[in-house]
Amino acid sequence: MKKFLFAIFALLFTVHVSAQYDPGAINYGFVGIKNFGLDNEIGLGARVEYAFNCYTTFIGEYNRSFAIGADDDYEGYNELAIGVNLILFNWYPTTITAGMGYTGNDSGIFEDIEDEAFLGITTGNFNHGAQIKIRALHQISTPVHIFAELNVKSLGRRYDTFLIGLSYDFDAR
């Protein structure tokens, strides 16, 4: 009987701590971005995350890149991305997730570096590609999470990013 109760408690504990967010949670976040493309290029962004279940999170994000101390020739760009993250490891309150998705930007220099892209398509003045993400998510309190994320994009190393951000669940109890 003791082994049975231990197994039940272990199962309940495992189910409880294996979540990155509660099912149905909608989280909003802000990020600071460091682009790998240029030394002085950084960015800011906003995101919305929806936790379909304990293991799967859908992410929609908008990012804007700019450079500090750039010359007049520098052109920042806007980026949109959607994707899905799944849990790889969980050491509550820290969760490691990985995912993939679509990314697109309006960078004018993509045509010049298109040969470096693994996969990239341009329609009009918008560039389309894919991205792979890996994220470390840490729960500071019930509604607040801090995270660090690496995004590798098929458009080329110029667009790869490292993000640090905060997300907040307005529905947390």
Side-chain angles (χ1 to χ4, degrees), residues 18-38 41-67 75-90 93-110 114 117-173:
S18 63
Q20 49 185 323
Y21 300 116
D22 291 333
I26 298 175
N27 298 298
Y28 304 91
F30 294 99
V31 296
I33 303 164
K34 174 60 184 119
N35 292 48
F36 292 121
L38 299 173
E41 188 173 50
I42 59 173
L44 295 173
R47 64 175 43 196
V48 175
E49 302 176 6
Y50 171 69
F52 177 71
N53 56 34
C54 293
Y55 313 103
T56 309
T57 302
F58 297 101
I59 300 172
E61 54 189 307
Y62 167 78
N63 302 313
R64 172 71 184 158
S65 74
F66 52 91
E75 175 191 340
Y77 62 91
N78 299 297
E79 178 181 65
L80 297 172
I82 56 172
V84 61
N85 274 11
L86 301 171
I87 291 178
L88 289 179
F89 305 104
N90 192 346
T94 302
T95 305
I96 307 297
T97 67
M100 61 185 189
Y102 161 83
T103 185
N105 66 45
D106 64 355
S107 175
I109 66 163
F110 180 68
E114 193 169 1
F118 174 71
L119 171 67
I121 302 167
T122 301
T123 57
N125 64 348
F126 207 75
N127 312 307
H128 308 274
Q131 69 178 352
I132 296 173
K133 17 172 95 252
I134 188 160
R135 172 174 71 167
L137 178 73
H138 183 77
Q139 183 176 358
I140 297 174
S141 66
T142 300
V144 180
H145 294 82
I146 187 169
F147 60 90
E149 181 176 285
L150 176 67
N151 294 313
V152 178
K153 300 172 184 165
S154 68
L155 296 172
R157 182 138 174 95
R158 163 74 174 85
Y159 302 106
D160 293 348
T161 54
F162 177 76
L163 294 76
I164 294 181
L166 287 170
S167 64
Y168 187 85
D169 180 2
F170 286 99
D171 295 330
R173 293 170 185 79

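All values below were derived from every heavy atom in this structure, side-chain atoms included, with hydrogens, water molecules and symmetry-related copies excluded. One is the number of the first residue; the rest follow in order along the sequence.
- No hydrogens or angles considered: a donor-acceptor pair under 3.5 Å links the side chains of Tyr77 and Asn35.
- Side chains of Leu155 and Asn105 form a contact here, defined as non-hydrogen atoms less than 4.5 Å apart.
- For Phe36, the ring pair (Phe, Tyr, Trp, His ring centres under 6.0 Å) test picks out no residue, with sequence neighbours left out.
- Distance check, rounded to the nearest 0.5 Å: CG of Asp169 to OG of Ser141 gives 10.0 Å.
- Between Ile134 and Asn151, the closest side-chain pair of non-hydrogen atoms is not below 4.5 Å.
- In this structure, Ser154 contributes its side chain and Gly129 its backbone to no donor-acceptor pair below 3.5 Å.
- Here the straight-line distance linking atom OG1 of Thr56 with atom CG of Leu86 works out to 5.0 Å at 0.5 Å rounding.
- For the residue pair Asp106/Asn125, the side-chain donor-acceptor check at 3.5 Å is not satisfied.
- Judged by distance alone, with hydrogens and angles left aside, the side-chain atoms of Asn63 form no donor-acceptor pair with the main-chain N or O of Ile33 at under 3.5 Å.
- Around the CZ atom of Phe30, the shell of radius 6.0 Å holds no more than 12 heavy atoms that belong to other residues, nucleotides or ligands.
- Side-chain contact between Val152 and Gln131 is absent, with no heavy atoms from C-beta onward closer than 4.5 Å.
- Using a 4.5 Å heavy-atom cutoff, the side chains of Leu44 and Arg64 are not in contact.
- Shortest non-hydrogen contact noted between Gly60 and Ile82 is CA-CG2, 4.2 Å.
- For His128 and Phe126, the gap between ring centers is short of 6.0 Å.
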Are Ile140 and His145 close enough, and set up right, to give a side chain to side chain contact (heavy atoms under 4.5 Å, CB included), and what steps lead you there?
-> CA-CA 5 Å; Ile140 297 174; His145 294 82; over 6 Å; no

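- The distance from the CG atom of Leu137 to the CD atom of Glu49 is 7.5 Å, given to the nearest 0.5 Å.
- The side-chain heavy atoms of Tyr168 and Tyr28, taken from C-beta on, include no pair separated by under 4.5 Å.
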Under the side chain to side chain contact (heavy atoms under 4.5 Å, CB included) criterion, do Leu163 and Glu61 qualify, and how do the steps go?
-> CA-CA 12 Å; Leu163 294 76; Glu61 54 189 307; 4.2 Å; yes

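- For Phe52, the CZ atom counts as loosely surrounded, since its 6.0 Å shell holds 12 or fewer non-hydrogen atoms of other residues, nucleotides or ligands.
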How far apart are the C-alpha atoms of Phe66 and Ile42, what are their side-chain angles, what is the distance that settles it, and do they pass the side chain to side chain contact (heavy atoms under 4.5 Å, CB included) test?
-> CA-CA 6 Å; Phe66 52 91; Ile42 59 173; 3.6 Å; yes

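- Within the 4.5 Å cutoff, no side-chain heavy atoms of Thr97 are placed close to those of Thr57.
- Side-chain contact between Gln139 and Phe147 is absent, with no heavy atoms from C-beta onward closer than 4.5 Å.
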Starting from the C-alpha separation in whole Å, work towards a yes-or-no answer on side chain to side chain contact (heavy atoms under 4.5 Å, CB included) for Ser107 and Asn127.
-> CA-CA 7 Å; Ser107 175; Asn127 312 307; 4.0 Å; yes

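- No side-chain heavy atom of Lys133 sits under 4.5 Å from any side-chain heavy atom of Lys153.
- A donor-acceptor contact closer than 3.5 angstrom is absent between the side chains of Asn27 and Ser167.
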